[in-house]
Trainee: 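I have a structure I would like to understand better, so I am pasting it below and will then ask my questions one at a time.
Fair warning: this is a prediction, and the values are worked out from it, not measured in the lab. All ligand and atom numbering here is 1-based and tracks the order in the structure.
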Amino acid sequence: MYHVVVLAYGAESDRVLGVPGEDLEGIYSAREFVWWYNGHPDCSDLDPDLKSTDTAVILGQGNVALDVARILLRPTTELAKTDIAEHALASLQESSIRKVYLVGRRGPVQAACTAKELREVLGIKDLYINILESDLSKSAADEEEMKNSRIQRRVYEILSKAARSQPSHPISGQRELHFVFFRRPEKFLHSDDSSGRVTGVRLEKTVLKENSGSGRQSAVGTGQYEDLGCGLVLKSIGYKSVPVDGLPFDHHKGVVPNIRGRVLSNTHTEPLIFENGLYVVGWLKRGPTGIVATNLYCAEETVASISEDLDQGVLTPTLPRPGREGLQQLLDSKGVRFVPFNGWEQIDLKEKSLGSLKNKPREKITRWGELLKAANRESVTEQ
Ligand code: NAP
């Protein structure tokens with residue numbers, strides 16, 4: 001159908017922790033929780049119980065972990081002015097969660113978040129922040145890591161400043177954010193009744209060990225454990241891309257194998273064989289890391305590869321291809337449900353107009369049927 005196809009479908013699954021009790025009620029991946037509050041139709045029925053507990057534990061200290069902490073802790077009067085899904089706002093308005101623990105298996109020097117996102121969560125109104133001074137002491141290896149990374153330096157400075165500027169105890173009723181360092185999950189705890197609900201996380205204390213030559217330090221267990229009680233757990237340990245039938249996929253790295261965005265047929269063959277005309281960008285190309293700007297540079301690299309291949313005659317754009325029109329005909333003939341760009345524009349318009357009635361940038365439509373209706377595609381057969 002096309003001379004060039006770029007795979008850009010990202011990472012829509014989750015890394016697994018592999019810890020006993022991971023399937024207990026009340027444990028979700030941060031991705032599911034993010035999809036829920038962002039109104040993704042596949043998670044609009046998630047309905048996490050935010051009423052039966054006052055404590056949530058978030059595992060991981062990356063930017064996604066900070067995002068979900070922010071949603072749990074920010075005043076709902078402020079959230080009401082954002083494009084948060086209506087069902088999530090209603091649930092958060094009734095939430096009893098007052099304490100959020102952000103648990104990292106390494107130290108403040110290795111916290112995976114970035115400065116701007118950290119400042120946003122620390123800047124939440126009337127929030128008590130708890131960071132132990134003892135966790136802030138640095139080893140020579142930490143100093144070395146910080147010397148080589150401006151982001152790590154800034155994150156460490158912000159955490160240190162936050163630790164110094166807090167009173168020693170929260171005022172009664174104040175929401176609390178606790179940064180817990182050097183702890184890794186050992187298992188999830190549940191009550192003796194048959195509810196199957198999580199009641200806490202057993203954490204193992206860790207120390208850092210240098211990986212020779214890599215400049216990176218890993219967390220190593222010490223055999224000392226402590227339990228942290230909670231009624232909600234969000235696992236925020238990273239996303240995972242999913243393979244598509246018939247397309248190359250590196251299951252070990254969780255990416256489509258590629259060199260500078262050119263998709264490889266197989267990572268194990270010599271010489272390397274490329275899938276002619278097939279390219280990849282973003283998390284599917286590099287793995288689930290990097291902020292928006294990282295993805296811009298990544299896309300530029302892929303576009304440069306396409307451009308070089310065109311110049312060098314690897315692609316043969318002189319032969320006509322049916323393109324979008326041909327694709328739409330094929331999908332229609334197979335009865336495949338799809339929303340074309342103008343359908344997406346209809347959805348966008350509808351969401352914005354629903355939002356304007358409530359002083360919100362948009363009101364998300366959170367059901368597939370309603371989305372198809374807004375896109376004038378409700379008569380399309382479901383596949
Ligand atoms: P991430 O940055 O890779 O962070 C993952 C966190 O999980 C790290 O703290 C990591 O600790 C921890 N972790 C991983 N495996 C673990 C395990 N088995 N046990 C315990 N902890 C484990 O991932 P993310 O937060 O999902 O974010 C993905 C990307 O999106 C990042 O590049 C992020 O910056 C970006 N993002 C950006 C924004 C923004 O720009 N506003 C917002 C959201 C996300 P270790 O460091 O020890 O591995």
Side-chain angles (χ1 to χ4, degrees), residues 10-22 27-35 37-38 57-71 74 82 101-123 135 141-142 145-146 149-152 154-156 158-159 179-188 201-211 214-222 225 228 233-241 253-255 281-298:
E12 56 173 53
S13 184
D14 315 297
R15 278 194 204 132
V16 176
L17 208 47
V19 160
E22 205 165 344
I27 304 179
Y28 305 95
S29 73
R31 177 194 56 81
E32 290 172 306
F33 190 74
V34 170
W35 282 18
Y37 69 68
N38 274 333
V57 166
I58 301 171
L59 298 170
Q61 294 181 330
N63 281 335
V64 171
L66 296 191
D67 279 348
V68 296
R70 198 150 43 102
I71 292 292
R74 210 170 146 192
T82 72
Y101 289 82
L102 271 169
V103 179
R105 60 181 169 181
R106 300 193 287 157
V109 172
Q110 292 79 25
C113 54
T114 46
K116 177 172 162 281
E117 287 63 33
L118 182 59
R119 269 198 225 98
E120 276 176 23
V121 78
L122 295 175
D135 282 342
D142 287 336
E145 271 192 52
M146 284 172 67
S149 163
R150 183 165 169 266
I151 296 179
Q152 282 175 265
R154 290 183 66 201
V155 165
Y156 178 84
I158 296 168
L159 287 170
F179 285 80
V180 178
F181 295 103
F182 304 109
R183 299 287 187 279
R184 70 178 185 194
E186 162 72 13
K187 71 172 189 175
F188 294 103
V201 191
R202 178 153 303 161
L203 299 169
E204 182 178 18
K205 294 185 187 176
T206 62
V207 287
L208 295 187
K209 189 173 151 254
E210 272 184 84
N211 302 349
S214 71
R216 204 186 132 88
Q217 302 181 74
S218 309
V220 183
T222 59
Y225 300 92
L228 180 55
V233 175
L234 299 174
K235 296 177 291 169
S236 185
I237 59 160
Y239 286 54
K240 199 173 87 182
S241 291
K253 293 187 182 147
V255 298
V281 286
W283 283 9
L284 191 57
K285 170 182 168 187
R286 312 184 314 273
T289 59
I291 55 173
V292 172
T294 325
N295 284 315
L296 294 180
Y297 289 117
C298 173

Trainee: Parallel, tilted or perpendicular: which one describes the rings of Phe181 and Phe179, with boundaries at 30° and 60°?
Mentor: parallel
Trainee: Under a 4.0 Å heavy-atom cut-off, what residues line ligand 1?
Mentor: Leu17, Gly60, Gln61, Gly62, Asn63, Val64, Asp67, Arg105, Arg106, Ala112, Glu117, Ser236, Ile237, Gly238, Tyr239, Trp283, Pro288, Thr289, Gly290, Ile291
Trainee: Would a distance-only check, ignoring hydrogens and angles, find a side-chain to backbone donor-acceptor pair under 3.5 Å from Glu22 to Leu17?
Mentor: yes
Trainee: With a 4.5 Å heavy-atom cut-off, do Cys113 and Val155 have their side chains touching?
Mentor: yes
Trainee: Is any side-chain heavy atom of Val68 closer than 4.5 Å to a side-chain heavy atom of Tyr37?
Mentor: yes
Trainee: Hey, is the main chain of Pro108 close enough, under 3.5 Å, to the side chain of Asp135 for a donor-acceptor pair?
Mentor: no
Trainee: Verify whether one side chain among Asp142 and Gln152 offers a donor that lies under 3.5 Å from an acceptor in the other.
Mentor: no
